[in-house]
Enquirer: 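To start, I am sharing the structure in question, which I have written as structure tokens.
Order of listing sets the numbers, starting from 1, for every ligand and every atom in it. Keep in mind that this is a model prediction, so the values were computed, not measured. In what follows, residues are counted from 1 in the order of the sequence shown.
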Amino acid sequence: MPELSIAQYDLVYNMFSFTFATLLAAFIFFILVRSQLAPQYRTAMIMSALVVAVAGYHYFRILESWSAAFTLQDGVYVASGQPFNDAYRYIDWLLTVPLLVAELIYVINPRNRGRLTFTLATAAALMVILGYPGEIATDMGTRALWGFISTLPFLYLVYVLFTGLGGAMQEQTPQGRILIRNARLLLLATWGFYPIVYLLPIFGVSGSAAIVAVQVGYCIADVAAKAGYGLLIYAIASEKSKAAGWKYEAVTTPVPSPMS
Ligand SMILES: *C/C=C(C)/C=C/C=C(C)/C=C/C1=C(C)CCCC1(C)C
């Protein structure tokens with residue numbers, strides 16, 4: 001672990017804290033809005049809530065690990081000897097990445113979705129599992145090799161999402177179609193960020209600036225790919241609930257007073 005300036009250490013610390021707070025708030029939001037949706041779209045909201053809960057827990061652990069990995073000495077943060085545990089991210093992805101694809105499939109077509117969900121969730125899990133040996137490798141050839149193998153299920157997943165939803169897309173309302181396209185684009189844009197970060201050491205980026213850039217980058221990507229994407233899933237579910245004739249009444253019929 002290289003030395004970090006106080007500003008560098010604090011920036012990462014504050015980003016972890018911000019991400020944790022955002023995921024927690026998103027969790028509360030997804031749980032609360034569930035009842036405003038038609039019943040067939042609630043599963044997608046539960047999945048969104050699970051994603052941010054799992055990720056929030058891991059951010060809490062990452063924050064702890066970050067604090068333990070450094071000590072302040074003469075105005076700079078030096079390695080404490082306790083390693084910074086980055087494996088939390090991969091465990092987190094293994095659980096959240098299949099759920100993220102599943103929530104999109106569920107909100108697009110809550111009835112006929114079993115096979116597609118299984119195929120895409122398996123591809124997503126394979127991508128994470130195959131990326132890990134490269135992530136922990138110190139040799140750049142090994143990193144590149146596993147990175148390449150892991151990219152295959154990633155490309156397959158993107159290919160299916162952009163070509164295999166044709167029939168299901170026809171059934172959507174025009175507004176629903178736009179929202180689904182946006183969710184798909186957000187997924188591609190945010191997911192594309194992770195392999196770029198993975199490639200940085202191969203291109204020789206190292207030292208304290210690289211550590212800070214990678215951690216801050218992952219925080220931004222996680223907020224967008226988990227909480228932001230969940231909000232889009234909610235917008236789709238809400239639009240489709242309305243299209244299905246579902247009316248949410250926030251205030252129920254008043255109970256007649258016993259006196260009258
Ligand atoms: C909430 C976390 C998300 C959405 C994580 C997504 C992670 C990826 C899309 C990772 C992809 C990778 C490759 C395509 C190749 C190199 C190894 C990975 C695992 C970084």
Enquirer: Looking at K226 and D92, does any basic side-chain N land under 4.0 Å from a carboxylate oxygen?
Expert: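 The answer is yes: the pair qualifies as a salt bridge.
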Enquirer: Need the ligand 1 atom indices (1-based, order shown) with element for anything under 4.0 Å from a heavy-atom of P195.
Expert: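 Counting from 1, the qualifying ligand atoms are 11 (C), 13 (C), 14 (C).
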Enquirer: Any atoms of ligand 1 less than 4.0 Å from a non-hydrogen atom of W191? List them with their elements.
Expert: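 Selected atoms, number and element: 4 (C), 9 (C).
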Enquirer: What atoms of ligand 1 come closer than 4.0 angstrom to any heavy atom of G147?
Expert: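 Under 4.0 Å from G147, ligand 1 has these atoms: 15 (C).
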Enquirer: Answer yes or no: are there more than 12 heavy-atom neighbours, outside Y13 itself, under 6.0 Å from its atom OH?
Expert: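 It does not: Y13 OH has 12 such atoms or fewer within range.
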Enquirer: Give me the residue, atom name and distance of the protein heavy atom closest to atom 9 (C) of ligand 1.
Expert: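 Answer, as residue, atom name and distance: M127 CE, 3.3 Å.
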Enquirer: Between L100 and ligand 1, which part of the residue brings a heavy atom under 4.0 Å of the ligand: side chain, backbone, both or neither?
Expert: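 The side chain, only.
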Enquirer: At under 4.0 Å between heavy atoms, is it the side chain or the backbone of T190 that contacts ligand 1, or both, or neither?
Expert: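 The answer is neither.
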Enquirer: Which ligand 1 atoms does K226 reach within 4.0 Å, using its non-hydrogen atoms?
Expert: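 Selected atoms, number and element: 1 (C), 2 (C), 3 (C).
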Enquirer: What residue and atom, counting heavy atoms only, is the protein's closest point to atom 7 (C) of ligand 1, and at what distance?
Expert: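 For atom 7 (C) of ligand 1, the nearest protein heavy atom comes out as Y194 CG, 3.5 Å.
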Enquirer: Relative to ligand 1, is Y198 under 4.0 angstrom through side chain, backbone, both or neither, heavy atoms considered?
Expert: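 Side chain only.
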Enquirer: Could you verify whether a donor N or O on one side chain and an acceptor N or O on the other, from Y77 and D10, lie under 3.5 Å apart?
Expert: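 Checked: Y77/D10 side chains show no N/O donor-acceptor pair below 3.5 Å.
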Enquirer: Distance check, rounded to the nearest 0.5 Å: I28 atom CD1 versus I31 atom CD1?
Expert: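 I28 CD1 to I31 CD1: 9.5 Å, rounded to 0.5 Å.
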Enquirer: Do Y198 and R143 come close enough that some side-chain heavy atom pair is under 4.5 Å?
Expert: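 They are in contact (side-chain heavy atoms under 4.5 Å apart), so the answer is yes.
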Enquirer: Walk me through it: do Y106 and R111 pass the test side-chain hydrogen bond (donor to acceptor under 3.5 Å, both in side chains)?
Expert: CA-CA 8 Å; Y106 263 69; R111 287 202 180 76; over 6 Å; no
Enquirer: Between S150, A225, G131, A224, which one has a non-hydrogen atom sitting closest to atom 12 (C) of ligand 1?
Expert: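 Among S150, A225, G131, A224, the closest heavy atom to atom 12 (C) of ligand 1 comes from S150.
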Enquirer: Should the pair E239-K242 be classified as a salt bridge under the 4.0 Å nitrogen-to-oxygen rule?
Expert: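 Not counted as a salt bridge, because no side-chain N and carboxylate O are separated by less than 4.0 Å.
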Enquirer: Show which atoms of ligand 1 fall inside a sub-4.0 Å distance from at least one heavy-atom site of T151.
Expert: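 Heavy-atom distances to T151 below 4.0 Å select 15 (C).
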Enquirer: Just jot down the ligand 1 atoms closer than 4.0 angstrom to any heavy atom of D222, in number order.
Expert: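 Those of ligand 1 that fall under 4.0 Å from D222 are 1 (C), 2 (C).
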Enquirer: Find out whether S65 and Y88 are in side-chain contact, i.e. whether some heavy atom of one side chain is under 4.5 Å from a heavy atom of the other.
Expert: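 They are in side-chain contact.
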